[in-house]
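Shown next, in structure tokens, is the structure this report addresses.
For the numbers below, each heavy atom of this structure counts, side chains included, while hydrogens, waters and symmetry mates do not.
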Amino acid sequence: MTIPAYYVKLGLNDDDTPETEIGSYVLDMNIKRGRSQELGGVETGSCTLVLDNQDGRFNPEYASGAYYGTLELSNKVQVTAVLSAVTYYLFTGYITKIAPDVMSRTCTITCLDLFN
């Protein structure tokens, strides 16, 4: 059985292109898309990422963080999986909430897709 490779990219530039790979920091990921009922309408997709934030890079208020000044609400996020050389786009959306937790040294980032 082949296991897919997952990639999580974050757009930190003004060009709306997710170019920074942050997959190695992902501790947990939850993606919800589609319909909750078979005949229901399509709902807004969401992606919640829990990130390892040991060095403070995902804290937008930490001036020594690697992404200080560039990590902000509305940055683009894209999650893909590659299986047998085929790329599957699992989620594309924008950050709506950044919640660093200094006690656990994690950061939870919530994103919504364009159905929002």
Taking the side chain as everything from C-beta on, heavy atoms only, tell me whether [X] gets closer than 4.5 Å to [Y].
X    : Y    : result
Y7   : V79  : no
L83  : Y88  : yes
T20  : Y67  : yes
P4   : S84  : no
I95  : T110 : no
C107 : I98  : yes

Inset, instruction - Heavy atoms only: give me the nearest P18-K76 pair and the separation to one decimal. - result: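 The pair with the smallest heavy-atom distance is CD-CD, 3.8 Å.
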
Legend entry - Main-chain N/O of C47 paired with R33 side-chain donor or acceptor, under 3.5 Å: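 Not confirmed, R33 side chain does not pair with C47 backbone.
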
Legend entry - Donor-acceptor under 3.5 Å (Q78 side chain, V8 main chain): no

Please tell me whether [X] and [Y] are part of a single hydrophobic cluster in this structure, the criterion being side-chain heavy atoms less than 4.5 Å apart.
X   : Y   : answer
L51 : M29 : yes
V26 : Y6  : yes
V50 : L71 : no

Legend entry - CD/E61: more than 12 non-hydrogen atoms of other groups inside 6.0 Å: no

Inset, instruction - Answer yes if the side chains of R57 and Y25 hold a donor-acceptor pair under 3.5 Å, and no otherwise. - result: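 Yes, Y25 and R57 have a side-chain donor paired with an acceptor closer than 3.5 Å.
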
Inset, instruction - May I have the step-by-step check of side chain to side chain contact (heavy atoms under 4.5 Å, CB included) for T48 and T108, ending in yes or no? - result: CA-CA 7 Å; T48 303; T108 301; 3.7 Å; yes

Legend entry - Distance in Å, T106 OG1 paired with D101 CG, rounded so as to fall on 0.5 Å steps: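 One gets 4.5 Å once the value is rounded to the nearest 0.5 Å.
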
Inset, instruction - Report the residue from N75, I109, L49, T70 that forms a side chain to side chain contact (heavy atoms under 4.5 Å, CB included) with L10. - result: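 Of the listed residues N75, I109, L49, T70, the side chain to side chain contact (heavy atoms under 4.5 Å, CB included) partner of L10 is N75.
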
Inset, instruction - Apply side chain to side chain donor-acceptor pair (under 3.5 Å) to Y94 and list each qualifying residue two or more places apart in sequence or on a separate chain. - result: D16

Inset, instruction - Might you work through the side chain to side chain contact (heavy atoms under 4.5 Å, CB included) test for N59 and N53, ending with a clear yes or no? - result: CA-CA 8 Å; N59 186 340; N53 198 28; 4.1 Å; yes

Inset, instruction - Show your working on side chain to side chain contact (heavy atoms under 4.5 Å, CB included) between D113 and F91 and close with a plain yes or no. - result: CA-CA 8 Å; D113 67 15; F91 180 85; 4.0 Å; yes

Legend entry - Trace of the side chain to side chain contact (heavy atoms under 4.5 Å, CB included) decision for K9 with V77: CA-CA 6 Å; K9 291 187 178 181; V77 173; over 6 Å; no

